[in-house]
Structure formats: C-alpha cells, structure tokens
Number of protein chains: 2
Amino acid sequence: MGTRADYVTRPREWIASLLAREPRFLSAAEIHQRLKRGGARVSLSTVYRTLDRLRAKGDVSARSDAEGEATYMLCEPERHHHHAICGGCGRVEDVDCAAMEQFAESLRKLHGFELDGHAMEFFGRCRACR
Amino acid sequence: MGTRADYVTRPREWIASLLAREPRFLSAAEIHQRLKRGGARVSLSTVYRTLDRLRAKGDVSARSDAEGEATYMLCEPERHHHHAICGGCGRVEDVDCAAMEQFAESLRKLHGFELDGHAMEFFGRCRACR
DNA sequence: ATATTTGCAAATAATTTGCACGTAA
DNA sequence: TTACGTGCAAATTATTTGCAAATAT
C-alpha cells in the first residue's frame with residue numbers, strides 16, 4: 001500500500017528555518033541565494049519542490065509579486081486573515097477582517113454576487129518604516 | 001524632437017475590440033488564439049506589446065492568475081474599485097468600496113500601519129451562474 | 001516620405017521534470 | 001534495506017527583443 005512518509009532532511013530544515021526567520025514574501029531564487037551564502041548546499045529545484053510541498057500542506061502562502069514572480073511566506077492556516085505588506089522593508093503583518101461578513105452581504109444585495117472567497121492585500125508602511 | 005505618435009492599426013483594433021467584448025481577465029495566449037480563430041492574422045508578440053501599451057496607458061488592468069500567468073481586462077481608470085470574479089464563467093464585475101476608508105483607519109490604529117494602497121479580489125458566483 | 005508597428009525567430013527567465021545517486025528511517 | 005529526497009542537466013513555458021519588412025500618417 002502507499003506508505004507515504006515525510007523525512008526530515010537538511011534542505012527542508014534550512015528552508016523552513018529561513019522562512020521562520022523572515023516574515024515576508026520571498027522568491028525561490030532569493031531563498032536559494034540566501035541559503036548558499038549561508039554555506040548550505042541546496043539546489044534550486046529542491047527549493048521549488050520544498051516550497052510547493054509546504055504550500056500543499058498549507059504551511060506557506062504563495063503569491064505573485066508585481067513582476068509575476070512567485071513568492072512564499074510562512075502562514076498560520078488556522079485563522080482566515082489578510083496581509084499588510086510594508087513598501088519599505090517588505091515585512092508582512094497579519095490582519096484579521098471581521099468586517100468581511102457584512103461586506104459580503106452588501107455584495108450579494110447590490111450585485112447579486114454570491115461570495116465563495118476573497119483575497120486582500122494592503123500596501124503601505126509599517127510602524128518601523130513610517 | 002521626439003515626435004511620439006500613436007497609429008491605429010488592425011491588430012490594435014482587433015485586440016481592443018475583443019477586450020471590449022469580454023468582461024473578464026484574458027491571457028495573452030487566449031487573446032491570440034481567439035483572434036486567429038476569428039480569422040485575424042496577428043502575432044503573439046504584438047498581443048503582448050499591445051497589452052503592455054494599454055496597461056501603461058491605464059486602459060487595462062493586469063493580474064496574475066492562479067497559475068502565475070498574466071491576464072488582462074479593460075478597466076475604467078476614473079473610479080477606484082475592486083473586482084468580483086465569477087468562478088463559473090470568469091465574468092468580472094466592478095465593485096466600489098466605500099467602506100475602505102474606515103477600514104484604513106482601524107488598520108492604522110490597531111497595527112500602526114499607514115495604508116498607501118490595496119488590492120482586493122472576490123471569488124464566487126455571479127447572478128447568471130448561481 | 002518617414003515614423004511607427006508588425007511578424008518572425010532567437011533570446012531570456014522562471015519553473016518543472018527525468019533519472020542516477022544519496023540519505024533518513 | 002528501501003522508500004523517499006536530492007542534485008544536475010535538460011525540457012517546458014511565459015515573455016521579451018532585434019531586426020528587416022509592412023503600414024499608417
């Protein structure tokens with residue numbers, strides 16, 4: 001039968017540890033370069049494969065940046081929330097959005113649009129960069 | 001001096017006309033295929049160049065779809081607004097969002113985050129697809 | 001007439017994949 | 001031991017670019 005395991009390997013530890021340390025969206029290439037600079041021997045393919053695996057598990061959230069390049073960030077899956085992205089340092093803060101339900105209601109009434117899901121991103125300056 | 005003109009050509013008319021007819025995000029490849037099926041002789045490069053030009057003028061809005069492919073749609077630039085994207089047919093409806101200002105205020109108070117801009121997308125079913 | 005646009009084919013750039021070798025269990 | 005993971009290099013895919021020929025003005 002399908003045995004299905006999940007080994008703990010150096011590359012996976014390195015990648016997870018870097019993501020845990022950086023609260024912002026990083027591209028596969030950025031992660032790869034940082035790890036190599038730090039002395040780790042990892043291939044770019046492994047970075048891609050690991051990120052994809054983490055995304056499938058729901059541990060990281062992914063988005064395309066302004067240039068269309070995929071970027072990834074560690075993400076608590078428990079609570080539905082949104083991101084506030086600092087234009088200065090790239091730091092991402094989680095923002096929960098209780099006002100959403102009531103907005104969904106007006107969408108339904110005004111546009112006849114039944115909401116399944118939504119995505120929001122906010123761009124601006126965090127406390128430190130203001 | 002730089003003369004800077006703006007010719008009206010067949011490819012540009014075809015592309016603009018297709019965009020005007022389809023109120024949803026289309027990829028360059030989709031636009032290219034449709035035009036060719038319709039008997040138009042256009043190159044994919046021209047589609048890319050034209051879309052980019054329209055985006056620079058502010059006539060189309062662009063976004064990366066779930067697979068990271070760039071997609072484009074005609075867009076009124078006057079009013080700031082958001083999109084409601086139908087999961088059934090892909091139809092996009094414009095939604096203005098007056099509640100945003102007050103949300104920005106709470107972001108500032110609760111997170112110390114100064115808002116520059118934002119992007120919102122809603123996924124669901126339009127009237128016709130419900 | 002001539003500035004601008006196009007098509008084509010080649011160049012880039014991001015991401016994926018096949019496969020022989022390495023490694024965690 | 002053996003299922004799973006990795007590195008490498010080659011394959012794919014989206015997008016951009018150089019340039020000679022076509023077109024709008």
Side-chain angles (χ1 to χ4, degrees), chain A residues 1-19 22 24-57 59-73 90, chain B residues 1-19 22 24-57 59-73 90:
Chain A
M1 298 106 204
T3 356
R4 196 68 42 198
D6 219 357
Y7 295 0
V8 176
T9 68
R10 291 262 184 77
R12 287 177 181 179
E13 287 177 328
W14 289 330
I15 292 166
S17 149
L18 174 54
L19 286 172
E22 291 277 357
R24 54 206 203 73
F25 283 94
L26 299 168
S27 70
E30 281 171 336
I31 291 169
H32 183 230
Q33 288 161 200
R34 267 162 202 262
L35 292 180
K36 291 190 82 171
R37 265 188 238 118
R41 200 152 1 79
V42 203
S43 74
L44 182 54
S45 335
T46 293
V47 174
Y48 273 113
R49 281 186 283 225
T50 301
L51 289 172
D52 197 53
R53 183 171 145 284
L54 291 172
R55 186 177 45 65
K57 282 211 306 173
D59 289 348
V60 311
S61 101
R63 72 171 207 110
S64 296
D65 69 12
E67 287 83 41
E69 193 172 1
T71 57
Y72 307 80
M73 192 185 67
Chain B
M1 294 106 201
T3 354
R4 196 70 39 199
D6 221 357
Y7 295 0
V8 176
T9 68
R10 293 262 184 75
R12 286 177 182 180
E13 286 177 329
W14 290 329
I15 292 166
S17 149
L18 174 54
L19 287 172
E22 291 278 356
R24 53 205 204 75
F25 283 95
L26 299 168
S27 70
E30 281 170 337
I31 291 169
H32 183 232
Q33 288 161 197
R34 268 161 201 262
L35 291 180
K36 292 188 85 171
R37 265 189 238 119
R41 199 149 7 77
V42 204
S43 74
L44 182 55
S45 334
T46 294
V47 174
Y48 273 112
R49 282 186 283 225
T50 301
L51 290 171
D52 197 55
R53 183 170 145 285
L54 291 172
R55 186 177 46 63
K57 283 212 306 172
D59 289 347
V60 312
S61 103
R63 72 171 208 109
S64 296
D65 70 12
E67 286 83 41
E69 192 172 3
T71 57
Y72 307 81
M73 192 185 68

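We name chains A, B, ... by the order of the sequence lines, and we start the count at 1 in each one. Bear in mind the structure is a predicted one, so any value in this text is a computation, not a measurement.
- Following rounding to the nearest Å, B/His32 (NE2) and C/dT6 (P) show an atom-to-atom distance of 12 Å.
- Residue A/Gly68 is the one, among A/Gly68 and A/Tyr7, whose nearest nucleotide of DNA chain C lies closer to the 5' end (criterion: closest heavy atom).
- Side-chain atoms of B/Tyr48 and base atoms of D/dA14 include no donor and acceptor less than 3.5 Å apart.
- Nucleic acid contact class of A/Ala70 (heavy atoms, under 4.0 Å, all strands): sugar-phosphate only.
- For B/Lys36 and C/dG7, the NZ to P distance is 10 Å, given to the nearest whole Å.
- At the heavy-atom level, B/Ala28 lies nowhere under 4.0 Å from the strands shown.
- A 4.5 Å side-chain heavy-atom check between A/Ile31 and A/Val42 finds every atom pair outside the cut-off.
- Between B/Glu30 atom CD and D/dT15 atom C1' there is a gap of 16 Å when expressed in whole angstrom units.
- Rounded to an integer number of Å, the gap from CG of A/Asp52 to P of D/dC4 is 18 Å.
- Considering only side-chain N and O atoms, B/Thr9 lies nowhere under 4.0 angstrom from the phosphate OP1 or OP2 of C/dT4.
- Note on the helix from C/dA1-D/dT25 to C/dA25-D/dT1: terminal axis deviation equals 30°, with five pairs used at each end and the result rounded to 10°.
- Mapped onto DNA chain D by nearest heavy atom, A/Trp14 and B/Ser45 fall at different nucleotides, with A/Trp14 at the one closer to the 5' end.
- Side-chain contact check for A/Arg49 versus A/Asp52: every heavy-atom pair is 4.5 Å or farther apart.
- Residue order along DNA chain D, read from the 5' end via each residue's closest nucleotide, puts A/Leu44 first among A/Leu44 and B/Leu44.
- At least one side-chain heavy atom of B/Leu19 sits under 4.5 Å from a side-chain heavy atom of B/Leu54.
- Note that the CD atom of B/Glu30 and the CD atom of B/Glu69 stand 7.0 Å from one another [nearest 0.5 Å].
- Around atom CZ of B/Arg53, more than 12 heavy atoms belonging to other residues, nucleotides or ligands sit under 6.0 Å away.
- Residue-to-nucleotide contacts include a donor-acceptor pair under 3.5 Å from the side chain of A/Arg49 to the base of D/dG7.
- One can place CD of A/Glu67 at 20 Å from P of C/dT12, the figure rounded to the nearest angstrom.
- The CD-C1' distance, from B/Gln33 to D/dA14, rounds to 13 Å in whole Å.
- Side-chain contact between A/Arg12 and A/Asp6: present, with at least one pair of heavy atoms (C-beta onward) separated by less than 4.5 Å.
- Among the nucleotides D/dG5, C/dT6, D/dT15, the one closest to the side chain of B/Thr46 is C/dT6.
- Here A/Ile15 contributes atom CD1 and A/Leu26 contributes atom CG; the two are 11.5 Å apart, rounded to the nearest 0.5 Å.
- For the atom pair A/Leu35 CG and A/Gln33 CD, the distance stands at 10.0 Å (nearest 0.5 Å).
- In this structure, A/Arg53 atom CZ and D/dC4 atom C1' are separated by 11 Å, rounded to whole Å.
- Listed pair B/Arg12 / C/dT5 meets the phosphate criterion, a side-chain N or O lying under 4.0 Å from OP1 or OP2.
- D/dT2 atom C1' lies 17 Å from atom CG of A/Asp6, rounded to whole Å.
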